[in-house]
Structure formats: structure tokens, C-alpha cells
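A quick note: this is a predicted structure, and the numbers were derived from the prediction, not measured. All chains are named by letter (A, B, ...) in the order of the sequence lines, taking the proteins before the strands, and each is independently numbered beginning at 1.
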Protein chains: 2
Amino acid sequence: MENNQPIVGIRSTKQRQAILDVFSDEQVHLSADEVYLLVKPTQPNISLGTIYRNLDLLTRIGALTQFILADGTRKYEKTSSHHHHLVCINCGETKNIPGCPLDREIKGYSKENEFHIVRHSFEIYGYCSSCQTK
Amino acid sequence: MENNQPIVGIRSTKQRQAILDVFSDEQVHLSADEVYLLVKPTQPNISLGTIYRNLDLLTRIGALTQFILADGTRKYEKTSSHHHHLVCINCGETKNIPGCPLDREIKGYSKENEFHIVRHSFEIYGYCSSCQTK
DNA sequence: TTTGCTGCAAATCGTTTGCAACACC
DNA sequence: GGTGTTGCAAACGATTTGCAGCAAA
């Protein structure tokens, strides 16, 4: 959305609350469309535009965090302590990994290259246990 | 493109060669549009469609590797030994990092979760030396 | 009453695809 | 000559945006 407007007054609407409710669990990782489908039952008239605008705003105020999978899919999750993801190539199930791989060695390498690290992404792709048996 | 056709006979055309030439250096990381701009001078009539079709084909035969940045940008590079990227948030300059962070600890965690790892992504974002001074 | 928020529809961006002409082998 | 490849334009999916009406505060 590339909206760099300063955030002034934020109102609490039922649409926004319904979207936030969907992300109550930290293990919830959803695309805009998935959020739309989940919110639709309680907010039948909600539009995809509203979903996108809210996901963007909630991300900008820090309530949600956005990340992009290797296939380009954009997903959102509730903001929580630093972690990474384990993503099933088959069913898309996404789990949080507590550890972080940004180790001393790599930090050292970046320093050598005079690179100032701001953030990083790390996702593991493979098959979850139930998809392996199929 | 989601093209799962078996690859039969591949021909050498000047368009395809021009695209490959752009990726002669391993430190070249480009989007489809950037390739288009670079190839245009020698192939004035080339179309973006041809660029996309060739990037896809060259990726499927393993000559190129595709990766997606945290902002959703799709990039291509010449296939080479396993590595990761250092990406400047400001100018977009992308450098290869030789090390790999997929360490014992994380592999162990995946095993605990009965997750079969196939591949992973890891990119570091920040500011390169020249963008820091500006 | 003010102004942020919504639904709707149109617009945009990156990418894919159908097709007829073309050019490799 | 056969078929892989190309340029072109239309189609596509995900996301963004303009606008007028609505609703929180």
C-alpha cells in the first residue's frame, strides 16, 4: 500500500476488531484473502479493500507483522517475540520456530562488508509430518 | 508461470543468449524488468513476455535460480553454490553471503517437529556502506 | 460535528497466456 | 519441414486507490 501517512486517530470499528480477533493466536499465519474468508461470517458486508487497509494499518502500528514466503505469498501474523517459520510446501501449514540463525559468523561477515544489518528473513520449507505420510 | 511441461528440445536463440549473457557474473541479481532493460539495447524488439518465459525456462533447467525479497520483489541470479544474500534497503544492491545459517540447532528442532526440510531462505536487510554515509 | 472508516468499483502492477508468424535444428 | 520460440495484446491475480456515504468519538 505504501502508505507513509502519520498515524493520527485510530478508531475501533467492528470490522477492525473482527480482523484482530482472527489473529488472537500466535500460531495463526494468514494471507489477506484468508483473513477475508474468516471474517466474512461475522461481517458479511466487509470488503477486501477494508481487509487490506486494516492489515496495512495494523502492521504499521505494530500489532501485526507481515512476511513473504518463497513463492511470493504475503502473510500476516500477530506481532510477537523474534522467531522464524517452518512452512509446509504441501499444505501450507506454518509454524513458528523459536531459534534464530543470525549467528556470530554471519554478523562478522556483514561487518567486514561494512553492512549495517537492520533485519533479516529466514524460512524453512519442507513437508510437515502429516504430509509426509500421504 | 507454473509450467510443469517436460523440457524436450531447447533451442539457442539470440534473445535467450542475450538474457543468459546478462547473468554471466555471480553477483548479478535482477528482476524480470531489470533484465528487460539490460537486454533491450542489443535486442530492441524483445518483449517482456519473452523475458518472463526465458527466466522461467532457464530456472527450470537449473541455469538460473529465483528468489523473492522481503518486499515481494522477484529476482533471478545465475545458479551457483549454496549461499544467501545481503540486501541494501536503500539502493537494492544485493551481495552473496557464502555462509549458511541452517545450523545443527534448527535442524534438530525441525526433526523434533517431524518436519522434512527441503529448502530454506535467508536474507539479511540493512544499509550498504555507501548508503550509510549518505 | 468532525474526520476516520467503509463498501464499491475502477485502476494498477507484475506476471501469464493464446495466437499467428517466425527461425532454429 | 517440424516444432520450439517470439512479439503482441489480452487476461490475470493480488493489491491499491478515489469517492461518496457512514459511524465512531
Using modelled atom types and a 3.5 Å cut-off, is there a donor and acceptor pairing between side-chain atoms of [X] and backbone atoms of [Y]?
| X | Y | value |
| --- | --- | --- |
| Q15(B) | I46(B) | no |
| T79(A) | A63(A) | yes |
| K78(B) | S24(B) | yes |

Please determine if a side-chain N or O atom of [X] lies less than 4.0 Å away from the OP1 or OP2 oxygen of [N].
| X | N | value |
| --- | --- | --- |
| T50(B) | dG7(D) | yes |
| R16(B) | dT5(D) | yes |
| T13(A) | dA23(D) | no |

Step by step, work out the side-chain contact (heavy atoms from CB on, under 4.5 Å) result for S110(B) and K107(B).
-> CA-CA 5 Å; S110(B) 305; K107(B) 279 188 180 158; 5.7 Å; no
[N] [atom2] sits how many Å from [X] [atom1], rounded?
| X | N | atom1 | atom2 | result |
| --- | --- | --- | --- | --- |
| L48(B) | dG14(C) | CG | P | 10 Å |
| I51(B) | dG14(C) | CD1 | P | 15 Å |
| D56(A) | dT15(D) | CG | P | 12 Å |
| Q43(B) | dG7(D) | CD | P | 8 Å |
| L30(A) | dT15(D) | CG | C1' | 17 Å |
| I61(B) | dG4(D) | CD1 | P | 15 Å |
| Y52(B) | dC8(D) | OH | C1' | 16 Å |
| I46(A) | dG7(C) | CD1 | P | 5 Å |

May I have the list of side-chain donor-acceptor pairs in residues 115-122 of chain B shorter than 3.5 Å, sequence neighbours left out?
{"unit_1": "H120(B)", "atom_1": "NE2", "unit_2": "H82(B)", "atom_2": "NE2", "d": "3.2"}
{"unit_1": "H120(B)", "atom_1": "NE2", "unit_2": "H84(B)", "atom_2": "NE2", "d": "3.2"}

Members of residues 65-77 of chain B that approach DNA chain C, where some heavy atom sits under 4.0 Å away = R74(B)
Going by distance alone, is a donor N or O of one side chain under 3.5 Å from an acceptor N or O of the other, for H85(A) and E77(A)?
-> yes
Excluding sequence neighbours, so at least two apart, what forms side-chain contact (heavy atoms from CB on, under 4.5 Å) with S80(A)?
-> E26(A), H83(A)
Qualifying side chain to side chain donor-acceptor pair (under 3.5 Å) pairs with a residue from residues 36-47 of chain B, counting only residues at least two apart or across chains = Y36(B)-K40(B), S47(B)-T50(B)
Those residues that, when tested against Y127(A), pass ring-ring contact (aromatic ring centres under 6.0 Å, His included) (two or more places apart) = none
N54(A) near the nucleic acid: base, sugar-phosphate alone, or nothing, with a heavy-atom cut-off under 4.0 Å?
-> sugar-phosphate
When all nucleic acid strands are considered with a 4.0 Å heavy-atom cut-off, which category describes S31(B): base, sugar-phosphate, or nothing?
-> nothing
Evaluate the criterion side-chain hydrogen bond (donor to acceptor under 3.5 Å, both in side chains) for residue pair T73(B) and D71(B); output intermediate values, then yes/no.
-> CA-CA 6 Å; T73(B) 320; D71(B) 66 353; 2.4 Å; yes
For DNA chain C, whose closest nucleotide is more 5', that of A32(B) or that of Q15(B)?
-> A32(B)
Of D33(B) and R11(B), whose nearest nucleotide on DNA chain C comes first from the 5' end?
-> D33(B)
Return the polar atom pairs (N/O with N/O) between nucleotides 9-11 of chain D and the protein under 3.5 Å, or none.
none

